[in-house]
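Contents: one structure, followed by commentary.
Keep in mind that the numbers below use all heavy atoms, side chains included, and drop hydrogens, waters and symmetry copies. Everything numeric in this text was worked out from a predicted model, so none of it was measured. Lettering of chains follows the sequences in order, A, B, ..., and the numbering in each one begins at 1.
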Amino acid sequence: MSGAVGREAVFPTRQSLGLMKNKLKGAEIGHSLLKRKSEALTKRFREITRRIDEAKQKMGRVMQIAAFSLAEVSYAVGGDIGYQIQESAKQARFRVRAKQENVSGVLLPSFESYTQDGVNDFGLTGLGKGGQQIQRCRETYARAVETLVELASLQTAFLILDEVIKVVNRRVNAIEHVIIPRTENTIKYINSELDELDREEFYRLKKVSGKKKRDVAAADAAILAARQRAAEEQAANPEAASKAPPAKEEESTDVLGENEDNDVIF
Amino acid sequence: MEGLFFNVNGGYVEGIVRGYRNSLLSGQNYSNLTQCETIDDVKLQLAPSYGDFLASLPPNPSTSDLAGRMMDKLVSEFKYLTAQATGSSAEFLEYMKYGYMIDNVALLITGTLHGRELKPLLERCHPLGWFETLPALISATNIEELYNIVLIETPLAAYFKDSLSHQDLDELNIEIVRNTLYKNYLEDFHHFITTHPDFRGSPTQDVMAEILQFEADRRSINITLNSFGTDLSKSERANLYPQIGKLYPEGNYMLGKADDVEGVALAVSAVADYKAFFDAVGLSQGGGLGGMGGGPADGKSLEDLFYQKEMELSKLIFTRQFTPAVVYGWMKLKEQEIRNVTWISECIAQNQKERIGNFISVF
C-alpha cells in the first residue's frame, strides 16, 4: 500500500466492485453505530466522573468523622483496643456483592454492600468502659466503608469505561479515516481500471476492424487485378462478363458498414 | 493518732506524690492547649511538665506517640514510687498494678487462644502491668498450659482460681474473662484496704473504699448498658458485678434484671449521684440507646460524667494525709491528663475544634 490511505489488493473486476460497494455501505453503517455507542459511553463516563467527584468529597467527610470517632474511643477506653478487636473479629459483618451492569454492550462491575446482621464478633469489647463509643465508632466506620465501596465500584467502572471508550473511538476513527477512504479509493480504482479495459477493448476492436478493412481492400485489389488480367486476357480472347466485380465490391463495403455498427453497439 | 508513725515508712512517698501533683496541668494550661494550632504548639505547652520526655519527639509527632511519651513519664515516676515504698505502702502500690496486669494477661490469653506469636505481644503490654514473670507466660503453647502458668507465676492467681477454669478461658469471651478478673480484683482490693491492720480505720480506708465502690458501681452500670444488644445473658452479666459499692446488693440485683436503659436508670435511682448522672444525660426519660454516646445537650456522655466524678474523688484524696491513697489519686489524675492531652491533640490534628472542650479538668 502506498501512503496511509491506499487501496486494497483486489483484481479490478465487476465482482469485486460489487463487494467493495457492499463493504463501503457496511463501513458507513458501522461507523454511525459505533459513533452512537461512543457517545452513549461518553455520556455515562461523564456521569460517573461526576459521581466519583461527589463520592470522593463524601468520603473525605465520612473518613474524617470516622477518624474522630476513633479518637473518641481511645479517649473513652484509655488504651489500645486494636489488637483485641483484630483477634476477636472472625466473620465479616460488612460484605460486598458484585453485580454486572450492561451499558451499551460494556459489562461494568458494580459492588453492592450489605451487612450481615447476625455477626457481631466484638460486641462485648469495651464491656467495662467505652462500649458505647466502640459501637458508635464501628457504625461510623461501617458508613465510611460503604462510601469506599461505592467509590470503588465507580472507579472500576471509570477505568473500564475509559478503556472501552478509547477502543471504540479508535475504531470509529479507523473506519472514518482509513477504511472508508480506502474502500472508496478501491472503488475508484476498480472503476478506472474497468473504464480503461473498455477503452482498450474499443481500441482493439477498432484496430481489428481497420485491419479487416485493409485485408478486404487488399483482397479486392487482388480480385480487381485478377479480373483486369482476366479482362485483358479476355480482350485478347473473347470479351465477356466484365460487370460482375464492381457489384461484388459494393457488397463488401456493405459488410464493412455492418461491422462498424456492431462495434458501436458492442 | 493514725498519722503518728505513718511518716516513718510512707512519708517520703507521700511527699514525692504531692510534688508530682503540682505538676498536673491546670485549667489555665488546658485553655492554653486548646488554643494551639499544631501538635508542635501542644508539645511546647507541655514542656514545663513533660520537658525531657517530649524532647526527643520529632517535629509534629502523631498523637499516639505523644501519648506514649506522656505515659512513659507516668510509668517512670510510678516505678520510682514503687522502688521507694516499703511495707504496707508497697503492698498498696502492688495492688494498684493488678488492674493493668489483668489487661496484660487478658491480652496474652487472646494471643494464645488465636495461636499467635506471643513475643510481639509483650511489647504491647501495659508497662504498669508488667511483672517479672510476665514473659514466662509466652512459653505457653495452649490454653491449659497458660492457665497453669498464670496460676503458678502471676500475682493474679487468686482471681483466677475460684471463678475461672481453663475451659472457661477457651469458651468464654475474653471480655467476660477480663471483667470477671476485674470484679475479683476490685473486691480483693476493697477487702485489702478495709482489713489490713495498717489501713483499717485510717483515712486510706475512707477514701479508697469510696473510690473503689464508685469504680465497682461504674463497672456494673457500664457492663449493663453495654450488654444490651449483645448475646450476654442476664445471669452471666450478674456474675460480673462486683459485690461492693453503693449499688450492692439491691441495685445490682435490679441491674441484673434490667432490660433497657430505663431499667438501669431505675436500678441506680436509689443513689443520688448516679441518678443525677442519668438525669443529666437524659437517659432516665427514655432517651434510648441512640442518645447514649454523645447526644445530650452539653455534649457530655454518661462516660464523661463518670470520669468527672472519678477525677473529683481522686482530687479529694489529696485533702487527706498519711495515706498511700494519694498515689492512687495522682495516678488516676495523670491518666486522665494523658487522655485529655490526647483528646486535645487529636482534635487539633483532625481540625475538629468544636468539641475540643470535651476534656475533664479538675484543677
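Atom CD of A/Gln135 and atom CZ of B/Phe228 lie 13.5 Å apart (nearest 0.5 Å). Atom CG of B/Leu225 and atom CD of A/Gln132 lie 5.5 Å apart (nearest 0.5 Å). The CD atom of A/Gln133 lies 7.5 Å from the CG atom of B/Asp304; values are rounded to the nearest 0.5 Å.
In plain terms, the two heavy atoms of B/Asn351 and A/Gln64 that are nearest each other are O-NE2, 4.4 Å. Heavy atoms only, all atoms of each residue included: A/Ser74 and B/Arg339 are closest at O-CD, 4.4 Å. Closest approach of B/Asn358 and A/Tyr75 over heavy atoms only: O-OH, 3.6 Å. A/Phe68 and B/Arg355 make their closest contact through CE2-NH1, 4.0 Å (heavy atoms, listed as atom of the first residue, atom of the second, distance).
For B/Asp103, no part lies near chain A; criterion is any non-hydrogen pair under 4.5 Å. In this structure, chain A has a heavy atom under 4.5 Å from the side chain of B/Glu303, while its backbone stays farther away. Proximity to chain A (any heavy atom under 4.5 Å) is shown, for B/Ile344, by neither the backbone nor the side chain. Only the side chain of B/Leu121 comes within less than 4.5 Å of a heavy atom of chain A; its backbone N, CA, C and O stay farther away. Contact annotation for B/Ile174: only side-chain heavy atoms (C-beta onward) come within less than 4.5 Å of a heavy atom of chain A. With a 4.5 angstrom heavy-atom cutoff, B/Gln336 touches chain A only via side-chain atoms. Interface remark: B/Leu113 contributes no atoms to any contact with chain A (heavy atom separation under 4.5 Å).
The neighbour count for A/Lys43 NZ, taken as heavy atoms of other residues, nucleotides or ligands under 6.0 Å away, does not exceed 12. Other residues, nucleotides and ligands place no more than 12 heavy atoms under 6.0 Å from the CZ atom of A/Arg46. Environment of CD in A/Gln15: sparse, with no more than 12 heavy atoms of neighbouring residues, nucleotides or ligands closer than 6.0 Å. Heavy atoms of other residues, nucleotides or ligands lying less than 6.0 angstrom from CZ of A/Arg14 number 12 at most. Other residues, nucleotides and ligands contribute over 12 non-hydrogen atoms within 6.0 Å of the NZ atom of B/Lys234.
Counting heavy-atom pairs under 4.5 Å between each of B/Ile176, B/Thr110, B/Asn179, B/Leu232 and chain A puts B/Asn179 at the top.
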